[in-house]
Amino acid sequence: MIESLLEPFTYNYMTNAILVSALVGGTCAFLSSYLILKGWALMGDALAHSIVPGVALAYILGLPYVIGAFFAGALAASSIMFVKKITRLKEDTILGLVFTTFFAFGLLLVSIKPTAIDLQAIILGNILAVSDSDIVQLVFICTTCLILLILKWRDFMAIFFDENHARTIALPVGRLKILFFALLSAATVSALQTVGACLVIAMVITPGATAYLLTERFHKMIILSVFIGTTTSALGAYLSYFLNTNPGGLIVTLQTFIFIVIFFLAPKHGVFAQRRIMRKQSNNSALPYGDNITSLPVDNQSIFSTNTGEQK
Amino acid sequence: MTDGLITMKNVSVTYPGGNVALQDVNLTLHKGTICGLVGINGAGKSTLFKAILGFETPSNGEIRIAGNTVKKALKRNIVAYVPQTEDIDWDFPILVEDVVMTGRYGHMGVLRLAKTKDKMAVNEALERVDMLSYRKRQIGELSGGQKKRVFVARALAQSAQIMLLDEPFTGIDIKTEESLITLFRDLSANGTLVFVSTHNLGSVPRFCDEVALLNRTILAHGPVETTYSQNNLIKTFGGKLRHHQLFGHVLHDDADTRGVTVLTDCERPLVLYGEQGGQKIVRMPEQDTSHESESPPTPQEDKEEKPTEGGF
Ligand SMILES: Nc1ncnc2c1ncn2[C@@H]1O[C@H](COP(=O)(O)OP(=O)(O)OP(=O)(O)O)[C@@H](O)[C@H]1O
Ligand SMILES: [Mg+2]
């Protein structure tokens, strides 16, 4: 029994896949805590799509595709910021505008040189099929991201909470924002390989959204989110061995499952908790009234009985 | 010209849409003073603060803070700011004490790890605004006035040499207003420059040493006793002031020709008394009427009216 449970670990590629998935899942989850608070949830999706032309171009030029992806992502993010600064268009409009443009350009490139690129690998991703050199890249990217995030999480929090105040205390807001987008692009590229372009968005939203239901302090939210992201990703990769499924689909399904459980059970913001609070409130307001009902009749009876007794 | 803590020379600010909000502003403010900033809606009070903070870049002129450029001054943590409205996400998972702690970031190392000194500053700041017992509340779970007090505490925690407060009295009860005024006095006694915009015309003589009257440009600036005159105020507000004058013949039957002028922008009125409608500011008594005398029936009477309770 135990032997069969440990069986995936006897294969090198499985062990690698599980560990790398955990690392990627943790990094994306860290970023998700920020994204969901800023209403930037779709940013991850936008970046994942924007990366496609970069990947295509890198394939055509024979460069490691992480580099192409990263530059395309950075370019997309900075165009989004640039357009936002100049016009008054809403963020979602700009996101939609920029990422469809990039994605269209990517498809164009792919159709020009169709054989050079395995588009399936980009769109669906499969951590079980990632080469060793890619794994080295992934580990390097994610570790760097995590270190930078751990060093700067408070500064990012200050900016995401109150950008104007961050300026008055002389945080380098512009530079930190660029750093954040660079980290996000890097994490998106990594997630691309584990779960594919379509599911990246789940990796950078769901863990944060789940953690948000559980706490009112930001550092706890990050810790919970990273925990959820790491465990679900590792577990997803591990289970895919037995179920013989696409690991990306499994990881995201697990994350959603946890979200649903928390959604009902969370101590303060969950469905049941809110019901409980409502009930408690109505009980509280009914309390003095209830007391009267139970005590009054007794008193009245005794009063009446003595009264009537005396009168008689 | 570097003797002032803030020196503005021929400063003009134009918004992107072409609105000229400030034109040729010349203003020098010194340490240890409380200066009131008074003007109609749209006079440019908030813009003036934003220019001092570098949020709006002057199209013309120069601003120096303690001899530095604005950018350097912010780096050196010289300026703290309480904005008129906070444009933030009230659902952000952050507690009151964490918000106030962000005010300390400028004093901390790269990792923003709070030392005992920082924790003490946060406690003290919360204590000063009477919000210590709310320290563990999530920021959105406060009333409007309480939120405002938290942001004052955040600015206090910064221990800056200059405090800019944009209408701190709006939406705040009288007790809090009194304690804020005491706070400003203490700060200025310790050498802080407190620069406060307000619509409470009557409060200005009660707590300001100096007053600056603004309408796109500084119309007058100087000690309250001389500058805060009826003529200057009418120049600043034009016809937009509620304005009542009562002269000698209405007030009494003798030959005394002195009159009373009541000027009010919105809340606390300014009362002037003397010849030609008044040269002298009548200071409202410290213990304001609204404290005690207005509270309707006294508690004793209340009790006497309900003697029946024990009768059952
Ligand atoms: N973001 C902006 N873009 C364009 N014009 C602006 C902007 N903010 C303010 N203004 C204009 O600049 C002028 C000064 O505005 P400001 O907010 O400084 O006034 P204020 O004195 O603070 O008024 P209030 O008493 O209402 O707070 C106004 O005419 C206003 O319409
Ligand atoms: Mg204003």
Side-chain angles (χ1 to χ4, degrees), chain A residues 33-34 36-40 85-88 147-174 176 208-225 266 268-269 292 295-296 299-300 302-304 307, chain B residues 16-17 49-50 52-55 70-114 136-141 151 154-155 157-158 160 162-164 166 312:
Chain A
S33 301
Y34 292 95
I36 66 150
L37 286 174
K38 195 73 175 173
W40 281 355
K85 200 167 177 182
I86 301 296
T87 69
R88 284 189 186 175
I147 290 171
L148 284 168
L149 282 169
I150 290 166
L151 288 178
K152 289 282 169 202
W153 75 268
R154 285 195 175 87
D155 288 17
F156 286 136
M157 177 188 79
I159 291 174
F160 275 68
F161 175 62
D162 189 345
E163 196 174 317
N164 277 333
H165 179 253
R167 286 215 171 83
T168 62
I169 56 172
L171 290 181
V173 174
L176 283 169
T210 313
Y212 181 75
L213 298 178
L214 288 171
T215 178
E216 290 184 336
R217 299 196 81 170
F218 195 63
H219 64 269
K220 288 188 185 155
M221 179 172 163
I222 292 177
I223 292 169
L224 284 167
S225 171
K268 191 164 173 189
H269 300 290
N292 283 347
S295 62
L296 262 179
D299 283 351
N300 278 358
S302 63
I303 289 167
F304 278 128
N307 275 358
Chain B
F49 285 145
K50 286 178 189 160
I52 295 174
L53 289 156
F55 293 174
V70 167
K71 220 174 155 187
K72 262 212 187 115
L74 292 184
K75 276 246 161 63
R76 288 182 48 202
N77 229 341
I78 295 178
V79 193
Y81 170 55
V82 181
Q84 183 173 7
T85 49
E86 276 288 347
D87 174 26
I88 61 168
D89 171 13
W90 297 108
D91 291 327
F92 203 96
I94 192 167
L95 305 185
V96 166
E97 58 177 6
D98 299 330
V99 172
V100 179
M101 188 59 88
T102 59
R104 296 292 303 170
Y105 277 16
H107 297 277
M108 298 179 183
V110 202
L111 289 182
R112 320 281 180 213
L113 293 175
K136 298 285 179 197
R137 283 269 186 105
Q138 192 266 336
I139 185 71
E141 294 172 351
F151 292 111
R154 181 177 68 181
Q158 206 178 327
I162 299 172
M163 281 272 266
L164 304 178
D166 201 352
F312 275 99

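Sequence lines set the chain letters: A, B, ... in the order given, protein chains first and strands last, and positions in each chain run from 1.
Here the side chains of Arg217(A) and Asp98(B) are in contact, with some heavy-atom distance below 4.5 Å. Put simply, the side chain of Arg154(A) does not reach to within 4.5 Å of the side chain of Met108(B), judged on heavy atoms. The side-chain heavy atoms of Arg154(B) and Asp162(A), taken from C-beta on, include a pair separated by under 4.5 Å.
With a 4.5 angstrom heavy-atom cutoff, Thr168(A) touches chain B via backbone and side-chain atoms both. Only the side chain of Lys136(B) comes within contact range of chain A, with at least one heavy atom under 4.5 Å from a heavy atom of that chain. For Ile78(B), no part sits under 4.5 Å from any heavy atom of chain A, backbone or side chain. The parts of Asp89(B) that come within reach of chain A are both its backbone and its side chain, each placing non-hydrogen atoms under 4.5 angstrom from that chain. Heavy atoms of Lys38(A) lying under 4.5 Å from chain B are absent altogether. No part of Val70(B) comes within reach of chain A, as not one of its non-hydrogen atoms sits under 4.5 angstrom from that chain. Using a 4.5 Å cut-off between heavy atoms, Leu53(B) touches chain A through its side chain atoms alone. In this structure, chain A has no heavy atom under 4.5 Å from any part of Arg104(B).
Between the NZ atom of Lys152(A) and the CG atom of Leu111(B) there is a distance of 8.0 Å, given to the nearest 0.5 Å. Annotation: the span from His165(A) atom NE2 to Gln158(B) atom CD amounts to 5.0 Å, rounded to 0.5 Å. If you take CG on Leu95(B) and OG1 on Thr215(A), they are separated by 8.0 Å, rounding to the nearest 0.5 Å. The CE atom of Met157(A) sits 3.5 Å away from atom OH of Tyr105(B), with the distance rounded to the nearest 0.5 Å.
Listed options Phe161(A), Phe160(A), Phe218(A) were ranked by heavy-atom pairs under 4.5 angstrom with chain B; first place goes to Phe161(A). Your options are Ala160(B), Gly106(B), Pro93(B), and the one with the most heavy-atom pairs under 4.5 Å with chain A is Pro93(B).
Contact between Gly103(B) and Ile169(A) at its shortest, heavy atoms only, is O-CG2, 4.3 Å.
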